Amino acid sequence: MSATTSPEPTTFETVSVVGLGYIGLPTAAFIASKGVRVIGVDVKQSFVDQINRGEVPFFEPDFEATLAGVVHKGNLSAQTETPHADAYIVAVPTPFQDDHSVDTKYIKAASEKIAAHLKGGELVVLESTSPPGTTEEMAEFILAARPDLTGEDGKSNSVYFAHAPERVLPGRIMVEMAENDRVIGGVTSRGGELARDLYATFSNGKLLVTDARTAEMAKLTENSFRDVNIAFANELSIICDKLGIDVWELIELANHHPRVNILQPGPGVGGHCIAVDPWFIVAAAPEEAKLIRWAREVNDAKPKYVVGKVLTKASKFKAPVIATLGIAFKADIDDLRESPSLEIVREIAQEMPGASIRVVEPNVEELPERLSSLSNVVHQDVDAAIEEADIVVMLVDHTPFKRIDREQLQEKVVIDTKGVWR
Ligand code: SAJ
């Protein structure tokens, strides 16, 4: 690392990214593509092996060529051991516990290993989405493990900390990683400056520097904003069902107002971000976060509503064949985390053992165990599933499903949770 006190941007010779998932790995590859030596760290040996062969362990459009390029050039390598580096980026999972508070065990495990390698002067950035105060806690944790890095006054220390929450949309990571503006929160002002310099190596967006707690809250706020707005659309869809109004047409019309922009209803909210992050705000301020909690509950209740609709229709058949289209958490990805569609399919299958459930999911080779373990569930291609079905349930608006010929749906009972076949 050079020039720690000059106004010139600091450059980093080595960066270690800890946690090589959907966010950590693309971040590592982007930094490596700018000629910085990046060492990725992951506890999963299979991930490490795949990455070192230049293979992406998950599906993300257009990412494979970039990864293969930086690996073959020698700018990015992966390993299970944490090395020394000028800067660390921690991008590990931050799941919630039963009471919806964050579980920081993966941050602690990463911090412990980083602490052991520090020499002084390094930057440690937390990217994982976290409640306000988590980055400060990480700093305290690391400095407590390394009292030799804190000055005699007990306050000044030679390691710098910041929070730089990721904002990329899965499916658009290659575009958004480079173009999105970023909020960067320093635990100290120097930490914020150094993190800004690190992200400036690969980001073309504005780098907006604030304190760590505000940056943490900004990330939670962004995802809660989206959650509340999806809840509004989901609630509208249930009201419209009751009133016999087409919710999709309604939203399209309302959105012609210059200051109205309603999101789309669906089978529920999935993924590991929007369905999780608002709970961190609720856990931090349970009395105050009323709307945010209610929105979460509205979205969490939507899958049950869809199941109820399907069961009502299916009860009219003796042994219904039900084609369920899509189990990913959203369109055109293979990610099944917190997927409402997957839970809907599972619940229908369990509630109706006499029904035959045909699952169509072109983005996965095999059904997950939660479905494959059920005897009345099979994985099928779209044409066969629709052909044999009495009831067709549209759950995920994957591009190939949008091309389905409407002729195929004639004579079928159709339940379309995404408004694809209006
Ligand atoms: N959904 C709807 N209706 C909509 C939009 C989305 O029902 O109108 C559903 C989707 O089907 C999906 C869920 O919401 O089940 C979440 O999908 P998403 O596309 O809204 O978001 P994610 O989870 O893929 O990514 C979000 C993004 N956050 C925001 O847009 C504010 C992304 O920028 C973040 O980086 C990401 O969370 C994250 O990692 O936090």
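Each ligand, and each atom within it, is numbered from 1 in the order the structure gives. Along the sequence shown, residues are numbered consecutively beginning with 1. Source: prediction; values computed, not measured.
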Ligand 1 contact by I230, heavy-atom criterion under 4.0 angstrom: yes
Heavy-atom closest pair, residues F401 and V396: CD1-O, 3.1 Å
Heavy atom of the protein closest to atom 19 (O) of ligand 1 (residue, atom name, distance): K330 NZ, 2.9 Å
Ligand 1 contact on V168 by region, counting heavy-atom pairs under 4.0 Å: backbone
Min N/O separation R167 to ligand 1 under 3.5 Å: yes
Contact check, G271 vs ligand 1, heavy-atom distance below 4.0 Å: no
Ligand 1 contact on Q264 by region, counting heavy-atom pairs under 4.0 Å: both
Minimum-distance protein heavy atom relative to atom 25 (O) of ligand 1: L169 CD1, 3.5 Å
Distance from atom 39 (O) of ligand 1 to nearest protein heavy atom, with residue and atom: E166 OE2, 2.4 Å
Where T135 and A212 come nearest, the two heavy atoms and their spacing: CB-CB, 4.1 Å
I274 neighbourhood, listing ligand 1 atoms whose heavy-atom distance to it stays under 4.0 Å: 20 (O), 21 (O), 23 (O), 26 (C)
Ligand 1 N/O within reach of R226 N/O, cut-off under 3.5 Å: yes
For atom 38 (C) of ligand 1, closest protein heavy-atom neighbour: C273 SG, 2.9 Å
Interfacing atoms of ligand 1 (cut-off 4.0 Å, heavy-atom, E222): 31 (C)
Residue and atom name of the nearest protein heavy atom (relative to atom 28 (N) of ligand 1), distance in Å to one decimal: N223 OD1, 2.8 Å
Atom pair CZ (R146) and CZ (F141), whose distance is rounded to the nearest 0.5 Å: 13.5 Å
Parallel, tilted or perpendicular: rings of W279 and F96 (30°, 60°): perpendicular
Value rounded to 0.5 Å, distance of CD in E122 from OH in Y88: 6.0 Å
Within-cut-off N or O pair, L263 and ligand 1, under 3.5 Å: no
Chi angles and distances behind the side chain to side chain donor-acceptor pair (under 3.5 Å) call for N363, D334: CA-CA 5 Å; N363 295 335; D334 64 350; over 6 Å; no
Reported CD1-to-CD1 distance for the pair I230 and I262, which is rounded to 0.5 angstrom: 13.0 Å
Criterion side chain to side chain contact (heavy atoms under 4.5 Å, CB included) against Y305, the qualifying member of V298, D241, N234: D241
Short N or O distance, P170 and ligand 1, threshold 3.5 Å exclusive: no
Region of K219 engaging ligand 1 - heavy atom pairs below 4.0 Å: side chain
Residue, atom name and distance, where the atom is the protein heavy atom closest to atom 16 (C) of ligand 1: G270 O, 3.7 Å
Short N or O distance, F329 and ligand 1, threshold 3.5 Å exclusive: yes
